[in-house]
Amino acid sequence: MQVWTYTLASVFAVSLISFLGIVFLFSKNFFKKASLFLVSFAVGALFGDAFIHLLPESFEQMSSKITVSLLATVGILSFFILEKFVRWRHCHISESAKHVHPVVTMNFVGDAIHNLIDGMLIGASFLVSFPIGI
């Protein structure tokens with residue numbers, strides 16, 4: 001029972017921190033000014049992690065360097081095509097009707113999966129021990 005309490009409290013705290021960030025960011029003036037910098041920082045962090053950590057590790061672990069290069073290229077092209085496919089839309093609804101953009105749906109599904117996995121990992125870490133859970 002104690003593990004459940006710690007897990008739920010931790011998930012609540014993580015969600016509250018995210019919610020406070022959203023409330024802070026969605027003030028109109030600040031969001032317009034900060035969104036360009038925040039997106040640039042996020043993209044830079046992901047590219048930095050991929051090119052500084054993940055690709056060198058892959059080159060070190062795999063025997064064929066050409067396979068690593070091809071897999072990286074296929075991954076980049078696959079996600080490029082996926083993004084173009086998700087953003088493409090063809091609908092016969094009049095412009096006055098409201099409809100949900102596919103990127104919104106993609107964002108909600110991705111966030112739900114991320115939160116589910118995050119909660120499971122927090123719960124599993126508390127099952128191992130309290131300090132690891134914290």
Side-chain angles (χ1 to χ4, degrees):
M1 184 65 182
Q2 196 173 22
V3 171
W4 282 96
T5 306
Y6 291 143
T7 301
L8 291 175
S10 296
V11 169
F12 180 75
V14 168
S15 300
L16 183 65
I17 291 169
S18 298
F19 180 72
L20 291 176
I22 289 171
V23 168
F24 180 66
L25 280 178
F26 278 115
S27 63
K28 290 278 186 190
N29 294 333
F30 183 76
F31 183 72
K32 285 184 179 181
K33 292 177 185 176
S35 64
L36 178 65
F37 296 107
L38 293 174
V39 169
S40 300
F41 178 73
V43 169
L46 290 172
F47 272 131
D49 188 40
F51 290 122
I52 295 172
H53 297 111
L54 298 176
L55 280 177
E57 179 91 15
S58 298
F59 279 115
E60 189 177 296
Q61 295 291 326
M62 293 184 71
S63 59
S64 175
K65 308 300 183 213
I66 204 83
T67 304
V68 174
S69 301
L70 285 173
L71 287 174
T73 305
V74 166
I76 291 169
L77 288 175
S78 298
F79 280 105
F80 176 76
I81 291 168
L82 177 66
E83 182 183 3
K84 291 299 177 186
F85 178 73
V86 167
R87 288 184 178 244
W88 176 80
R89 65 175 200 227
H90 178 83
C91 59
H92 297 283
I93 299 172
S94 67
E95 290 296 321
S96 64
K98 300 272 184 190
H99 57 277
V100 177
H101 198 277
V103 174
V104 174
T105 305
M106 181 178 65
N107 191 13
F108 278 133
V109 170
D111 193 42
I113 292 169
H114 176 265
N115 288 338
L116 175 70
I117 294 171
D118 195 26
M120 289 190 299
L121 289 173
I122 289 172
S125 64
F126 274 112
L127 281 174
V128 173
S129 74
F130 181 76
I132 290 176
I134 293 295

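The residues of the chain are indexed from 1 along the displayed sequence.
V109 and I117 fall within the same hydrophobic cluster, where Ile, Leu, Val, Met, Phe, Trp and Tyr residues are linked whenever their side-chain heavy atoms come under 4.5 Å apart, directly or through other members. A continuous path of hydrophobic side-chain contacts links I113 to L116 [ILVMFWY only; heavy atoms under 4.5 Å]. There is no path of hydrophobic side-chain contacts, each under 4.5 Å, that joins I76 to V68. Criterion: ILVMFWY side-chain heavy atoms under 4.5 Å apart, direct or through other members. Under it, V43 and L55 are part of a common hydrophobic cluster. L127 and I134 end up in the same hydrophobic cluster when Ile, Leu, Val, Met, Phe, Trp and Tyr side chains are linked at under 4.5 Å.
Between atom CG of residue L77 and atom CG of residue L70 there is a gap of 10.5 Å, rounded to the nearest 0.5 Å. Rounded to the nearest 0.5 Å, atoms OG (S58) and NE2 (H53) are 12.5 Å apart. Distance check: L71 CG to S64 OG gives 9.0 Å after rounding to the nearest 0.5 Å. Here the CG-CZ distance, from L54 to F47, works out to 12.5 Å after rounding to the nearest 0.5 Å. Here the OG atom belonging to S10 is positioned 12.5 Å from the CG atom belonging to L121, to the nearest 0.5 angstrom. Between the OG1 atom in T5 and the CZ atom in F126 there is a gap of 10.0 Å [rounded to 0.5 Å].
Residue-environment remark: CD1 (I66) stays at or below the threshold of 12 foreign heavy atoms within 6.0 Å. Enclosure of atom CZ in F41 is not indicated, since only 12 or fewer non-hydrogen atoms of other residues, nucleotides or ligands lie within 6.0 angstrom.
Looking only at side-chain heavy atoms (C-beta outward), Y6 and I122 stay at 4.5 Å or farther from each other. In this structure, P56 and F51 have side chains that are not in contact, with every pair of non-hydrogen atoms separated by 4.5 Å or more.
Formation of a donor-acceptor pair under 3.5 Å by the S129 side chain with backbone atoms of S125 is not found in this model.
Looking at every heavy atom in both residues, T7 comes nearest to G119 through CG2-O, 4.4 Å.
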